[in-house]
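Okay, so here's the structure we're looking at.
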Amino acid sequence: MTAAIYARRKLLKTLLISRDIGGQVLLTGYIENYPGFVERSGMALADILERQAKEFGTEIVMGEVKRVEKAEGLFRVISDEGEFLVRALIVTGGSSYKRLNVPGEEKFFGRGVSTCATCDAPLARGRAVAVVGGGNAALQGVELLAKYASRVYAIHRRDRFRADEILIERVKKMPNVEPVLNSEVTEVRGDKKVEGVLIRDVRTGEVKELRVERVFVEVGREIKLDYVKHLVETNKIGQVVVDRAQRTSCEGIFAAGDITDLPYGQAIIAAGDGAVAALSAYDYLMEKR
Ligand SMILES: Cc1cc2nc3c(=O)[nH]c(=O)nc-3n(C[C@H](O)[C@H](O)[C@H](O)COP(=O)(O)OP(=O)(O)OC[C@H]3O[C@@H](n4cnc5c(N)ncnc54)[C@H](O)[C@@H]3O)c2cc1C
């Protein structure tokens, strides 16, 4: 939506195609780190951005993009709401956090179960929490949470973490962090709020409960790019490779936000990159002209 606002302020004819308005921001409870936006819900932020994008004349089509094809100097965007020929394209399809898919996870999602330690760490203040995952994102989450939580269980199903060694060493030295290796979470338990997780030892099958009030699932993000990945370069984890002007490897296609190879999945960063992508697209179109 930021890209749309910037494109319209350059008086480009701008079409925004999306399945929903707000993306992952709709899943956040209170968003506290979007500068200039205080004490409001993610949904309120989505509403404001939508209003602003519409005020400047963005045309919005609610639908799913199925495929993008090159078409004689243009791009054909094929969606379930019809086909559109465009001169430039900004891809901002975002990402979704992988889930554990265990009982209780959905029930408490956004109310004790989170997929974003960076976003929700302050909610762990003074509580015992579990972080599930063994990569860099998980251990960075553990490191951050250890500053707020009384105890952090770092649960990983393998016998060692996969994160960078330096990070593993730092985390191991933190007095309130307890690694729980060879273990997988089989259930998030609780009545009205999260009260614990059941973990199963993958070697012995033994099941026990850890008493925690917050669960952070940090088992990776998923990028869905089938509709355009034949046109743009991606990295080994499937993110779109962009340069500092948000240009992809395909002339005329730009990308911004969580779908790109920038490692920080945050709303303000997606918005900033969206602005850059729109200005870049404008420059590209002016050069073409
Ligand atoms: C639980 C949770 C809490 C979070 N808390 C915070 C926080 O406190 N602060 C913060 O800064 N960030 C937070 N984040 C992260 C933040 O929401 C994301 O970084 C940000 O939303 C990324 O924006 P984006 O536009 O790149 O992608 P997204 O928000 O993922 O939006 C992508 C959009 O593209 C649409 N789309 C995808 N593919 C297609 C297609 N083929 N056709 C049509 N539409 C398509 C999707 O439906 C969606 O609307 C949180 C995320 C989660 C999940």
Side-chain angles (χ1 to χ4, degrees), residues 1-6 15-47 49-50 53 60-68 77-84 89-99 105-106 108-124 137 141 144 214-229 231-232 238-240 242 246 254-278:
M1 283 191 279
T2 310
I5 291 164
Y6 270 74
L15 175 70
L16 188 149
I17 310 178
S18 186
R19 283 190 302 246
D20 60 74
I21 296 294
Q24 290 170 72
V25 159
L26 298 175
L27 304 174
T28 67
Y30 276 78
I31 185 156
E32 292 181 328
N33 54 3
Y34 195 96
F37 181 81
V38 187
E39 289 175 11
R40 311 273 302 269
S41 68
M43 213 165 270
L45 178 59
D47 278 349
L49 288 172
E50 181 182 4
I60 298 182
V61 167
M62 299 300 296
E64 173 148 352
V65 175
K66 300 290 188 190
R67 191 161 173 90
V68 177
V77 179
I78 302 161
S79 82
D80 55 6
E81 289 295 314
E83 294 187 11
F84 307 92
L89 182 69
I90 302 175
V91 182
T92 62
S95 67
S96 52
Y97 288 81
K98 288 188 193 159
R99 304 272 191 101
E105 184 188 39
E106 190 57 39
F108 291 114
F109 195 79
R111 298 186 301 119
V113 176
S114 165
T115 44
C116 185
T118 315
C119 318
D120 295 333
L123 304 175
L144 176 65
R214 293 271 185 272
V215 181
F216 293 87
V217 180
E218 292 281 355
V219 291
R221 286 196 278 156
E222 233 172 349
I223 306 276
K224 294 218 177 75
L225 254 188
D226 294 344
Y227 52 96
V228 74
K229 74 171 180 230
L231 296 178
V232 296
Q239 297 163 323
V240 181
V242 288
Q246 305 302 129
F254 305 81
D258 280 16
I259 206 160
T260 68
D261 58 345
L262 191 78
Y264 314 112
Q266 290 285 281
I268 188 65
I269 294 171
D273 287 354
V276 173

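Atoms within a ligand are numbered from 1 in the order they appear, just like the ligands themselves.
Look at E64 and R19 and you find a salt bridge, because one of the NZ, NE, NH1 or NH2 atoms lies within 4.0 Å of a carboxylate O, short of that distance.
Within 4.0 Å of ligand 1, protein heavy atoms come from S18, R19, D20, G23, Q24, V25, L27, T28, I31, N33, G63, E64, V65, T92, G93, G94, S95, Y97, T115, C119, Y227, G257, D258, G265, Q266, A267, A270.
Sequence neighbours left out, the pairs with a member in residues 255-269 that pass salt bridge (Lys or Arg N to Asp or Glu O under 4.0 Å) are R221-D258. Every pair passing side chain to side chain donor-acceptor pair (under 3.5 Å) that includes a residue from residues 262-274 is listed here, sequence neighbours excluded: N33-Q266.
I90 approaches A3 most closely through the heavy-atom pair CD1-CB, 4.1 Å. Closest of all the heavy-atom pairs between S114 and C116 is OG-N, 3.0 Å.
Residues passing the ring pair (Phe, Tyr, Trp, His ring centres under 6.0 Å) test with F216: none are found, sequence neighbours excluded.
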